[in-house]
Amino acid sequence: QLQLVESGGGLVQPGGSLRLSCAASGFTVDRYAIGWFRQAPGKEREGVSCISRSGRSTNYADSVKGRFTISRDNAKRTVYLQMNSLQPEDTAVYYCAAVYRLADLLPMCVARQYDYWGQGTQVTVSS
């Protein structure tokens, strides 16, 4: 059974950092692109950052470029999102999601492209 479990969320002050983890189980993780998405109250789910099967390709939302870094360790079956210089507008529930890819190509980092989802972890940025 394919499962994604997010962890690492919490409350942080503006300017602080968090590292989110997405632990995968039940599937061959290096055959899947993985993405991080977020959803704030009253807003649509948006793509934050996505990474290809091998990790060679990544993309980021403009709002997080230069502050967030996505990475993956396929041996550990885990994808990470390092978030620095956090701002109140980063407050949201963060989800990781996976999609099977025949080739090491990165799909668009939009929710409709991803098939399997975790339950989410809350990130709150507030003083």
Side-chain angles (χ1 to χ4, degrees):
Q1 180 180 353
L2 190 150
Q3 189 172 19
L4 298 167
V5 179
E6 303 93 338
S7 62
L11 174 64
V12 63
Q13 291 187 341
S17 298
L18 285 174
R19 188 175 82 154
L20 304 184
S21 298
C22 172
S25 61
F27 63 103
T28 307
V29 67
D30 61 2
R31 299 295 179 91
Y32 287 73
I34 305 286
W36 283 99
F37 300 81
R38 66 187 182 186
Q39 189 165 19
K43 294 188 176 181
E44 292 187 356
R45 193 168 296 188
E46 64 170 343
V48 175
S49 181
C50 295
I51 189 166
S52 64
R53 289 172 24 173
S54 68
R56 280 191 283 266
S57 298
T58 59
N59 53 26
Y60 296 90
D62 288 343
S63 58
V64 306
K65 281 180 182 176
R67 300 189 298 124
F68 291 11
T69 303
I70 192 171
S71 62
R72 65 189 296 163
D73 185 337
N74 286 340
K76 293 184 178 180
R77 309 175 63 82
T78 303
V79 176
Y80 305 97
L81 185 68
Q82 178 66 44
M83 305 187 296
N84 299 329
S85 302
L86 283 161
Q87 299 302 317
E89 53 265 34
D90 295 315
T91 295
V93 178
Y94 283 71
Y95 300 88
C96 66
V99 61
Y100 178 78
R101 301 297 288 174
L102 282 173
D104 192 21
L105 298 174
L106 189 58
M108 291 177 61
C109 198
V110 294
R112 65 179 182 273
Q113 296 281 357
Y114 287 75
D115 297 322
Y116 305 98
W117 291 82
Q119 293 300 306
T121 186
Q122 176 71 47
V123 171
T124 302
V125 185
S126 175
S127 55

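The figures here come from the full heavy-atom set of this structure, side chains too, leaving out hydrogens, waters and symmetry mates. The model shown is predicted, which means the values in this text are computed figures rather than measured ones.
- Proximity of Arg38 to Glu46: side-chain heavy atoms (C-beta onward) are separated by under 4.5 Å at one or more points.
- Leu102 and Met108 are members of different hydrophobic clusters when ILVMFWY side chains are connected at heavy-atom separations under 4.5 Å.
- Under the side chain to side chain donor-acceptor pair (under 3.5 Å) criterion, the residue pairs touching residues 10-19 are Ser17-Asn84, with sequence neighbours excluded.
- Under the 3.5 Å distance criterion, the side-chain polar atoms of Gln119 are left unmatched by any main-chain donor or acceptor of Glu6.
- Taking hydrophobic clusters as Ile, Leu, Val, Met, Phe, Trp and Tyr residues chained together by side-chain heavy-atom distances below 4.5 Å, Val79 does not share a cluster with Val93.
- Nearest heavy-atom pair, Ile34 versus Ala98, reported as atom, atom and distance to 0.1 Å: CD1-CB, 3.5 Å.
- Annotation: the span from Ser57 atom OG to Ile70 atom CD1 amounts to 11.5 Å, rounded to 0.5 Å.
- Looking at heavy atoms from C-beta onward, Pro107 lies in side-chain contact with Arg101 at the 4.5 angstrom threshold.
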Run the side chain to side chain donor-acceptor pair (under 3.5 Å) test on Ser52 and Asp104 for me, step by step, so that the C-alpha distance in whole Å, both residues' side-chain angles and the decisive distance to 0.1 Å come before the verdict.
CA-CA 6 Å; Ser52 64; Asp104 192 21; 3.3 Å; yes
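- With Arg53 contributing its side chain and Tyr100 its backbone, the two residues share no donor-acceptor pair below 3.5 Å.
- For Gln39, the side-chain hydrogen bond (donor to acceptor under 3.5 Å, both in side chains) partners two or more places apart in sequence, or in a different chain, are Arg45.
- Listed by first then second residue, pairs satisfying disulfide (SG to SG under 2.5 Å) with a partner in residues 7-56 read Cys22-Cys96, Cys50-Cys109, not counting sequence neighbours.
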When you look at Leu4 and Tyr95, which way does the side chain to side chain contact (heavy atoms under 4.5 Å, CB included) test go after all the steps?
CA-CA 9 Å; Leu4 298 167; Tyr95 300 88; over 6 Å; no
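- The two atoms that bring Val99 and Asp115 nearest to each other are CG2-OD2, 3.6 Å, heavy atoms only.
- Residues Phe68 and Ile51 share a hydrophobic cluster, clusters being chains of Ile/Leu/Val/Met/Phe/Trp/Tyr side chains in contact below 4.5 Å.
- For residues 20-35, the set of pairs meeting the side chain to side chain donor-acceptor pair (under 3.5 Å) definition, not counting sequence neighbours, is empty.
- Side-chain contact check for Phe37 versus Trp117: some heavy-atom pair is nearer than 4.5 Å.
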Quiz: residues 120-127 side-chain donor-acceptor pairs under 3.5 angstrom, not counting sequence neighbours:
| residue | atom | partner | partner atom | Å |
| --- | --- | --- | --- | --- |
| Thr121 | OG1 | Gly9 | N | 3.2 |
| Gln122 | NE2 | Ala92 | O | 3.4 |
| Gln122 | NE2 | Thr124 | OG1 | 3.3 |

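- A continuous path of Ile, Leu, Val, Met, Phe, Trp and Tyr side chains, each step under 4.5 Å between heavy atoms, connects Leu86 with Val48, placing both in one hydrophobic cluster.
- For Asn74, the side-chain hydrogen bond (donor to acceptor under 3.5 Å, both in side chains) partners at least two apart in sequence or on another chain are Arg72.
- Using a 4.5 Å heavy-atom cutoff, the side chains of Met83 and Leu20 are in contact.
- At most 12 non-hydrogen atoms from other residues, nucleotides or ligands lie less than 6.0 angstrom from CD of Glu44.
- Aromatic ring centres of Tyr116 and Phe27 lie farther apart than the 6.0 Å criterion allows.
- Between the Ser49 side chain and the Asn59 main chain, a donor and an acceptor come within less than 3.5 Å of each other.
- Hydrophobic clustering places Val12 together with Val64 (ILVMFWY residues linked when any side-chain heavy atoms are closer than 4.5 Å, directly or through intermediates).
- Taking 4.5 Å as the limit, some side-chain heavy atom of Asp73 sits within range of a side-chain heavy atom of Tyr80.
- Taking 4.5 Å as the limit, every side-chain heavy atom of Tyr60 sits out of range of all side-chain heavy atoms of Arg67.
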